[in-house]
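One structure below.
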Number of protein chains: 2
Amino acid sequence: MLETIEEKCQKNGVKLTDQRRIIARVISESKKTYGESDHPDVDELYNRVSQIDSKISIATVYRTVKLFEEAGILTKHDFKSGKARYELNDDHNHLIDIKTGEIIEFVDQEIEELQKKIADKYGYKLVDHKLELYGIKKK
Amino acid sequence: MLETIEEKCQKNGVKLTDQRRIIARVISESKKTYGESDHPDVDELYNRVSQIDSKISIATVYRTVKLFEEAGILTKHDFKSGKARYELNDDHNHLIDIKTGEIIEFVDQEIEELQKKIADKYGYKLVDHKLELYGIKKK
DNA sequence: AAAATAATGATATTAATTTTCAATTTCCTT
DNA sequence: AAGGAAATTGAAAATTAATATCATTATTTT
Ligand SMILES: [Mn+2]
Ligand SMILES: [Mn+2]
Ligand SMILES: [Zn+2]
Ligand SMILES: [Zn+2]
């Protein structure tokens with residue numbers, strides 16, 4: 001982890017209240033605590049946050065993930081589940097097992113460059129990108 | 001256009017009622033009629049369909065796009081708009097202008113192959129993929 | 001043609017997210 | 001430090017895309 005959410009907030013002028021700090025912590029720790037491919041939805045975040053401070057409302061969780069997302073701190077995913085799922089914005093891609101729902105994260109420099117090249121070709125500067133691969137395990 | 005929705009339905013065992021046929025037609029014509037980057041949501045489809053047959057209900061539009069999607073005829077997009085948007089499933093990608101919302105469609109063989117290669121590297125057979133590039137126009 | 005099956009339209013329901021609003025906390029200005 | 005403005009919060013209501021229900025209509029099957 002290169003930069004903490006707190007630092008990113010400071011840099012982006014996002015004020016950190018007690019509630020936001022706790023929510024930030026839960027998100028930061030979600031990978032370490034719950035495994036590599038953890039992409040919690042708001043309900044799940046609310047559950048985890050509640051264990052730290054049971055008075056935090058789900059409205060605040062919704063407000064905070066939105067705030068963090070708009071500040072570029074979090075990435076919101078709309079996988080097929082219907083609920084939005086969140087994680088730290090660290091520029092990786094996802095390979096999703098359509099049988100099990102397992103999510104594998106990957107980074108590929110070649111893809112990154114190719115995407116930049118394509119945007120460039122159409123006269124655009126690439127500022128964000130989303131790549132999801134759906135596959136079935138080969139036996 | 002290589003294959004009509006009607007043909008795809010027949011091939012996939014999807015029955016075409018009058019209502020479905022009209023909805024299929026509206027979707028097929030959405031590009032020609034409304035320009036290159038047309039990705040209508042259900043409300044918009046309902047509006048267009050209603051001009052042809054005002055008795056078709058929005059429930060039927062919802063049911064039909066779901067049916068077509070499950071048959072692999074349509075692709076459902078969850079862009080940032082909140083509403084799902086639909087178009088013919090023809091395996092292209094999107095470059096979205098984050099200032100104007102304009103959607104540019106593109107196909108890139110190199111990206112296609114690279115994606116297959118990555119899935120393969122993780123032991124998966126690629127069955128679907130979604131790539132969205134977000135950019136700002138260079139001046 | 002009669003019975004069974006499927007699809008439709010209208011409406012109710014669900015569920016995620018947003019909004020409202022009064023209360024509390026934080027931030028300014030003096 | 002005090003007082004008032006501004007921002008944030010919790011609880012609850014509102015919104016809204018999408019789905020489910022159900023009586024009616026259309027299509028198949030016998
Ligand atoms: Mn990247
Ligand atoms: Mn492809
Ligand atoms: Zn991830
Ligand atoms: Zn498209």
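Side chains included, hydrogens not; waters and symmetry mates left out as well; all remaining heavy atoms used. Just so we're on the same page: letters track the sequence lines, and every chain starts at 1.
Residue pairs meeting the salt bridge (Lys or Arg N to Asp or Glu O under 4.0 Å) criterion with at least one member in residues 128-139 of chain A, sequence neighbours excluded, are A/Glu102-A/Lys137, A/Lys138-B/Asp120.
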Listing, residues 10-27 of chain A side-chain donor-acceptor contacts under 3.5 Å, not counting sequence neighbours, or none:
| unit_1 | atom_1 | unit_2 | atom_2 | d |
| --- | --- | --- | --- | --- |
| A/Lys11 | NZ | A/Glu3 | OE2 | 3.0 |
| A/Asn12 | ND2 | A/Lys8 | O | 2.7 |
| A/Thr17 | OG1 | A/Arg20 | N | 3.2 |
| A/Arg20 | NH1 | A/Lys15 | O | 2.8 |
| A/Arg21 | NH1 | A/Glu6 | OE1 | 3.3 |
| A/Arg21 | NH2 | A/Leu16 | O | 3.1 |

Donor-acceptor contacts under 3.5 Å from residues 60-68 of chain A side chains, at least two apart:
| unit_1 | atom_1 | unit_2 | atom_2 | d |
| --- | --- | --- | --- | --- |
| A/Thr60 | OG1 | A/Ser57 | OG | 3.3 |
| A/Thr64 | OG1 | A/Thr60 | O | 2.7 |

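Scored by the side chain to side chain contact (heavy atoms under 4.5 Å, CB included) test, B/Gln109 finds B/Glu112, B/Glu113 as partners (sequence neighbours excluded). Partners of B/Glu70 by salt bridge (Lys or Arg N to Asp or Glu O under 4.0 Å), not counting sequence neighbours: none found. Applying the side-chain hydrogen bond (donor to acceptor under 3.5 Å, both in side chains) criterion to B/His77, with sequence neighbours excluded, gives B/Glu87. Contacts of A/Asp53 classified as salt bridge (Lys or Arg N to Asp or Glu O under 4.0 Å), with partners at least two apart in sequence or in another chain: none. With sequence neighbours left out, the salt bridge (Lys or Arg N to Asp or Glu O under 4.0 Å) criterion links B/Asp78 to no other residue. Take A/Tyr46 and apply the side-chain hydrogen bond (donor to acceptor under 3.5 Å, both in side chains) test, not counting sequence neighbours, and it matches no residue.
Taking only side-chain atoms of B/Thr60, from C-beta outward, the nucleotide of C/dA7, C/dG9, D/dG10 with the closest atom is C/dG9.
For the helix from C/dA1-D/dT30 to C/dT30-D/dA1, the terminal axes (five pairs an end, C1' atoms, rotation from four pairs onto the next four) enclose an angle of 30°, given to 10 degrees.
What separates NZ of A/Lys55 from C1' of D/dA11 is a distance of 13 Å, to the nearest Å. If you measure from atom CD1 of B/Ile22 to atom P of C/dT8, you get 11 Å, rounded to the nearest angstrom.
Here B/Arg48 pairs with B/Asp38 in a salt bridge; the nearest charged N to carboxylate O distance falls below 4.0 Å.
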Per-nucleotide protein contact along nucleotides 17-24 of chain C, 5' to 3', at a 4.0 Å heavy-atom cut-off (B base, S sugar-phosphate only, - neither), is BB-B----

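Close to C/dT25, at under 4.0 Å from its OP1 or OP2, lies no side-chain N or O of A/Gln19.
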Distances under 3.5 Å between nitrogen or oxygen atoms of protein and nucleotides 27-30 of chain D:
none

